[in-house]
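The sequence lines fix the lettering, A, B, ..., with proteins before strands; numbering per chain opens at 1.
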Protein chains: 2
Amino acid sequence: MIGALDRLVAVTQPGMERVNRMILDRASSHVELVPEIARYLIEAGGKRLRPMLTIASALLCGAPNGEEVVYAASVEFMHNATLLHDDVVDESDMRRGRLAARMVWGNQASVLVGDFLLGQAFMMMVEARNLDALAVISKAATIIAEGEVFQLARARDLNTTEADYDAVIRAKTATLFEAATEVGAIAGGADEPGRAALRDYGRELGYAFQLVDDVLDYRGEANRLGKNVGDDLREGKMTLPVILALQSATEAERELLAQSLGNSEAGPEQLAAVLALFNRTDTLGKTVERAREHARRAIAALKVLPKSDMRELLAEIAEFTVSRAY
Amino acid sequence: MIGALDRLVAVTQPGMERVNRMILDRASSHVELVPEIARYLIEAGGKRLRPMLTIASALLCGAPNGEEVVYAASVEFMHNATLLHDDVVDESDMRRGRLAARMVWGNQASVLVGDFLLGQAFMMMVEARNLDALAVISKAATIIAEGEVFQLARARDLNTTEADYDAVIRAKTATLFEAATEVGAIAGGADEPGRAALRDYGRELGYAFQLVDDVLDYRGEANRLGKNVGDDLREGKMTLPVILALQSATEAERELLAQSLGNSEAGPEQLAAVLALFNRTDTLGKTVERAREHARRAIAALKVLPKSDMRELLAEIAEFTVSRAY
């Protein structure tokens, strides 16, 4: 049996070919550094899950008007703009298994090319002349930035609550997934309940996706995400595994986390000690369980839509998102 | 006689009061760091020349529909987003006579709050639901970022041509002035020739404004722009005074510029030597002359509009822009 992701790739292929051409076309510029950096990042790949979800959502709704291609490309540009800025903010060395763009061209160019991609994302949306879709995308851009600021403000803050964490991942990840499926629904001619269903599906899928990413940051073999294991720890990110571990940590364990979070020098021994704490408190398992709950909600949201192969596939994608954790 | 700028302030005051309220309102967020940084920057002032130009352009066209207030606030948000990112890229210490936001809250927060302001700028434009105005603003955002990348790529490049410089200031400054006046014209109910006239006026005014800024960077008393004299030199910016000086520089003078450009340690003696070269070659005077030519074109562009006090005032604003150089 072919995996859900492979089937999503297959079923969205005609649309994604147009999306990929548009991405290359709109990443071009007479200023050579712009396509150089944009293509370096974009061609490194990534799964292009978000634009595929836009295409799939439009197909699911039954009457795709072609604009899903523009929306999908715009969503991917927004995502890549965010990655460029995130890597500057997090001082990341690696991205998608290669050196981060900022390590090759510097922070300055990464900030500015991110701005360019964000501008292009909007320009493409405006050219499609759909104010509903524009409202979804522009609101998402604002919320994402707000969420990144919130995450930064909470870095290394041991008093970060589960609710704070929820707010961060809702903003920084779930919002773009939600926007990706909602604009797909708009392009697919969805009625209001259909649009709401796909919006809810995208949001819950985004939650699950980020929760699993936060587990993989500690569990994955090196480079499984194209980043280094323990990056979140070194960057001082208050992800759910850390928050849950703190809830039942001894004084000494609390001290270990306080020492390790945001310590860019934290080596393998310190990471191993943190992982031992995570094992004792089963915080990675509990985080995956939380992801599974969101995946269930994503699948439930689809129920108002007519039964179809595409609906079934999107449900399996939600399950696949959680299964990545193993 | 009251100066042109004071009269512009007076005549746009009712609109600008609404703009200022909207700016404060839309800079708010449940994430405290967002309004903290946004207000720090916005309340430091600046002349708010761009939003005043939007309001004035709408009034000049005779039938302002109220949306000029939203457009003006959006233009100011875009401008402030650019400043936050520019200060990170240029590693600037000062802005508007205070410490740059990045010196108080760090580069990370400056990048992300800039993204937030840009997102808000688009959201406000989308809420106004005018696709023509949205097209102007989204195109401007892309061109501005592209221009900043071009400027970065040309930093310290002694082969930078006058045409390169024109392209940089067209993109990074003239484009936003042009957008500010054009969306004002749209809100004012301008016909196509009226819209084109105000677009041309804004663009030429923007050129003049940037040329004079580039002169003041070398000529102004300390903090005249709220920045340090010689910042452009230390940042390696290839502005017109440098490009013109290189055209008639001796080998030794060329070497002096090569040594000084991008040298953050360049002290008063080195700056004095560069200024002596500028005096000998009269490059500051020639740059002002170039600004004057753009101001003339700005005034000429207004000629297709019916004669009015507002038209006269905008013409005087163009003259004022050049007179700042003295």
Report which part of A:Leu118 has an atom under 4.5 Å of a heavy atom belonging to chain B: side chain, backbone, both, or neither. side chain

So how far is it from A:Met123 CE to B:Ile143 CD1, rounded to the nearest 0.5 Å? 7.0 Å

Run through B:Val89, B:Asp86, B:Val88, B:Asp90 and flag the one making a side-chain contact (heavy atoms from CB on, under 4.5 Å) with A:Gln108. B:Val89

To check you understand the geometry: which heavy-atom pair defines the closest contact between A:Ala141 and B:Gly119, and what is its length? CB-CA, 4.4 Å

Can you tell me if A:Glu192 has over 12 outside heavy atoms packed within less than 6.0 Å of its CD? yes

Straight-line distance of A:Thr142 OG1 to B:Arg26 CZ, nearest 0.5 Å: 8.0 Å

Chain A interface, residue from B:Ser29, B:Ala153, B:Ser110 that has the most non-hydrogen pairs under 4.5 Å: B:Ser29

What do the steps show when you test A:Glu146 against B:Gln120 for side chain to side chain contact (heavy atoms under 4.5 Å, CB included), and what is the final call? CA-CA 10 Å; A:Glu146 209 172 17; B:Gln120 276 287 25; over 6 Å; no

Quick check on the interface: out of B:Arg129, B:Glu148, B:Glu91, who has the most heavy-atom pairs with chain A under 4.5 Å? B:Arg129

Of all of A:Ala121, A:Ala145, A:Ser138, which one pairs up most often with chain B through heavy atoms under 4.5 Å apart? A:Ser138

Given heavy-atom pairs under 4.5 angstrom as the criterion, report whether the side chain, backbone, both or neither of B:Leu134 touches chain A. both

Pick from A:Asn107, A:Ile137, A:Asp115: which one has the most heavy-atom pairs with chain B under 4.5 Å? A:Asp115

Would you call the rings of A:Phe122 and B:Phe122 parallel, tilted or perpendicular, where under 30° means parallel and over 60° means perpendicular? parallel

